[in-house]
Each structure stands twice: as C-alpha cells, then as structure tokens.
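Shown next, in structure tokens, is the structure this report addresses.
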Amino acid sequence: MPELPEVETTVSGLRSVLQGATLTRVEPRRADLRFPIPVDLRQRMTGATVTGLSRRAKYGLIETDRGDMMIFHLGMSGRWRIDPAEIGAHDHLLLETGSGHLLSLNDPRRFGSLDLVRSDAWQGYAPFTRMGPEPLGPDFDAAYLAKVLDGKATSIKAALLDQRIVAGLGNIYVCEALNMAGIAPTRAAGRISKPRLGLLVEAIRTVLSAAIVAGGSTLRDYARPDGELGYFSNQWRVYGREGQICPCGGTVQRRVDGGRSTFHCPKCQK
DNA sequence: ATCGGAGCCTGTGTGC
DNA sequence: TGCACACAGGCTCCGA
C-alpha cells in the first residue's frame, strides 16, 4: 500500500480541500471494501463540517464537528482523487464540499477500508489497540527497539513490517532503511547490537522524512490526491533496482520470501 | 508463542 | 492480437 509517507502526503492533500469544509454530499458507492462500510456513514457525515485531518500509521483520520471520525486505509492500491475528470468503477466513496470540490476514494483492489468511530474513542479502534509507536515519534528509539526485539528469532525485515513493533513501515521503506543502516534483511531481529539499532532508527527516520518531503513514492497505482506524482521513487537506493549498483558500489539483489520481494546489497548489508 | 505461507482483489506488464 | 502467468505498496488468519 501506500506506506506512511504516502498516507501523510495524502492527508496533506486532503487537508487543503477538506479542512473547514462542509460535506454537502457523502456517497458510498458499494457496501464494503476489505470490510463493510458503516451503513450510517452517509447519514452521519452529510452536512457535517470537517474540523481536522491527521494520520496514525497508515490510516488517515478525518474528524467532523459532530464528534465523528472517519478512518480510511488505502490498502495496496487506494488513493484519493480531487476533482476527478470522471467517476469510474473503482471510485468507492464520493465527497462533495460546500465550495464545490468533489473527492473520490478510489481503490481497484479493495484492500483498503473505510470506517467511522466516535472521535473521543478513536484510540480504541481495534487496529490501533495493539499498534506500536510512530517511527517519527519520540517513543521510537534504540532502547525501545532493543527491548521489543530481544530474543526474537524472526528476521529484522519481518519484525519491521510487523505493525505491533513499529507502525507505518511497509516493504519499500523497510528495504530502504535496512540498506541505509547496513543491516542484512535476513539478520535475526534479536541479534543486532544496540548501536546498530540506533543507526537503524536514524535510517528509518531519514528515509521516511525524505519521502514525505518528496511527496511520497510513485508506483503504478499511486498518485497524490491532486493527481501529481511523488518523486521519491527516483531516490530509491535498492527497492526495484535488482542488478543495479548500490551507493556502496555493490550490486543490488532481489530475493522473495513469503511471496514478497526483498531488495538488498550483500556487499554493505551484514 | 512464534513463524511462514495462503488468501483477499484487480490491473498491468511480460513472454509465448 | 490473444492468452497465461507473474507480480504489485497490506494485513489477517491458519496450521505447523
């Protein structure tokens, strides 16, 4: 899916049109994505004013003056389109604002989700209850990682993809951060020294921040809400670059585990 | 308890 | 051109 930087970019784009806007039309166009869409979403959101937009891990949060919070997840192929030229089969939710903007939540593969909770209870939303800290937040540091990874036999790559450990990383940024930190993706998570975990934390922060600044990465089915493309894919060190040269001079290799591609450089990642 | 793998969907690119 | 197949950013459940 769009990972953390893409969701951050999406929320920023949505904020420019939705902050303070009144929703004059709220139209779910199917009953479910990955999960059922609340049947009362249209009724509760129509006529409401958007008071705030934010992000938790890979989820976008849209609050209204009625005390409701709409929570969306983009899955693998989800994106928001602002004032799209035409509405197609994969536009699953339409929002119209008082100022005349039309927004569409578009998700061909429907791995995304759309939900509605009370704002004061959002932290109790099931996906959030067991989620780890934000990688860009103050609670994510080497000491924390050392504690939660202690004794873990699973690979560091699998551990970083586990949202209970740290929330918001996906395949692309895990590959990138491990390369930047010089850590092999197959290394046992519990067998990395604390100084190296410190390097890893910094690498994760650096790669996520750079991606947010660049507006997210571009993949076949991802675009920013305003339709522009993100440019971070130009900065990938290893992801999608099998056979090409790593910044260290080594050759990027691709392997598949669990049906998922891993890109790494055997020369500088140990 | 922990781990690897399958499955959910659709679209696109590749090779025959 | 047509077709089959591999592959894609996430997440959850299942069985070993």
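Bear in mind the structure is a predicted one, so any value in this text is a computation, not a measurement. The chains referred to below are lettered A, B, ... by the order of the sequence lines, with proteins before strands, and numbering in each begins at 1.
Residue pairs meeting the side chain to side chain donor-acceptor pair (under 3.5 Å) criterion with at least one partner in residues 127-136 of chain A, sequence neighbours excluded, are A:Arg55-A:Glu134, A:Arg56-A:Glu134. Pairs engaging residues 184-193 of chain A under the side chain to side chain donor-acceptor pair (under 3.5 Å) rule: none recorded [sequence neighbours left out].
The residue A:Arg164 sits apart from the nucleic acid: no heavy atom pair falls under 4.0 Å. Residue-level contact check: A:Ala158 touches neither bases nor backbone, having no heavy atom under 4.0 Å from any strand.
Residue A:Ala153 places its side chain closer to B:dC3 than to any other of C:dG9, B:dC3, C:dG10. Comparing atom distances between the A:Met76 side chain and each of B:dC3, C:dG10, B:dT10 picks out C:dG10 as nearest.
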So which protein nitrogen or oxygen atoms get under 3.5 Å of nucleotides 5-9 of chain B's nitrogens or oxygens?
| unit_1 | atom_1 | unit_2 | atom_2 | d |
| --- | --- | --- | --- | --- |
| B:dC9 | O2 | A:Arg109 | NE | 3.0 |
| B:dC9 | N3 | A:Arg109 | NH2 | 3.4 |

N/O-N/O pairs, protein side and nucleotides 13-16 of chain C side, under 3.5 Å:
none

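Note on A:His73: every side-chain N or O is 4.0 Å or more away from OP1 and OP2 of C:dG10. Within the structure, a side-chain polar atom (N or O) of A:Gln163 is placed less than 4.0 Å from OP1 or OP2 of C:dC11. Between C:dG10 and A:Tyr59, no contact under 4.0 Å exists linking OP1 or OP2 to a side-chain N or O. OP1 or OP2 of C:dC11 lies within a sub-4.0 Å distance of a side-chain N or O belonging to A:Lys58. Put simply, A:Ser77 has no side-chain N or O that comes within less than 4.0 Å of OP1 or OP2 on B:dG11.
Using a 4.0 Å cut-off between charged nitrogen and carboxylate oxygen, A:Arg164 and A:Asp162 count as a salt-bridge pair.
The only option from A:Val207, A:Val201, A:Leu208 that meets the side chain to side chain contact (heavy atoms under 4.5 Å, CB included) definition with A:Arg205 turns out to be A:Val201. Considering A:Leu160, A:Leu161, A:Thr154 in turn, A:Leu161 is the only one that fulfils the side chain to side chain contact (heavy atoms under 4.5 Å, CB included) rule with A:Lys157.
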Response to the item:
Note, DNA chain C 5' to 3' with Watson-Crick or G-U pairs under 3.5 Å encoded as ( ), [ ], | and . gives .|||||||.|||||||

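Residue A:Glu242 contributes atom CD, which lies 13 Å from atom C1' of C:dC7 at whole-angstrom precision. Distance CG (A:Asn171) to C1' (C:dG9): 7 Å, rounded to an integer number of Å. At whole-Å resolution of the value, CZ in A:Arg130 and P in B:dT2 are 11 Å apart.
Under the side chain to side chain contact (heavy atoms under 4.5 Å, CB included) criterion, A:Arg110 pairs with A:Arg30, A:Leu33, A:His92, not counting sequence neighbours.
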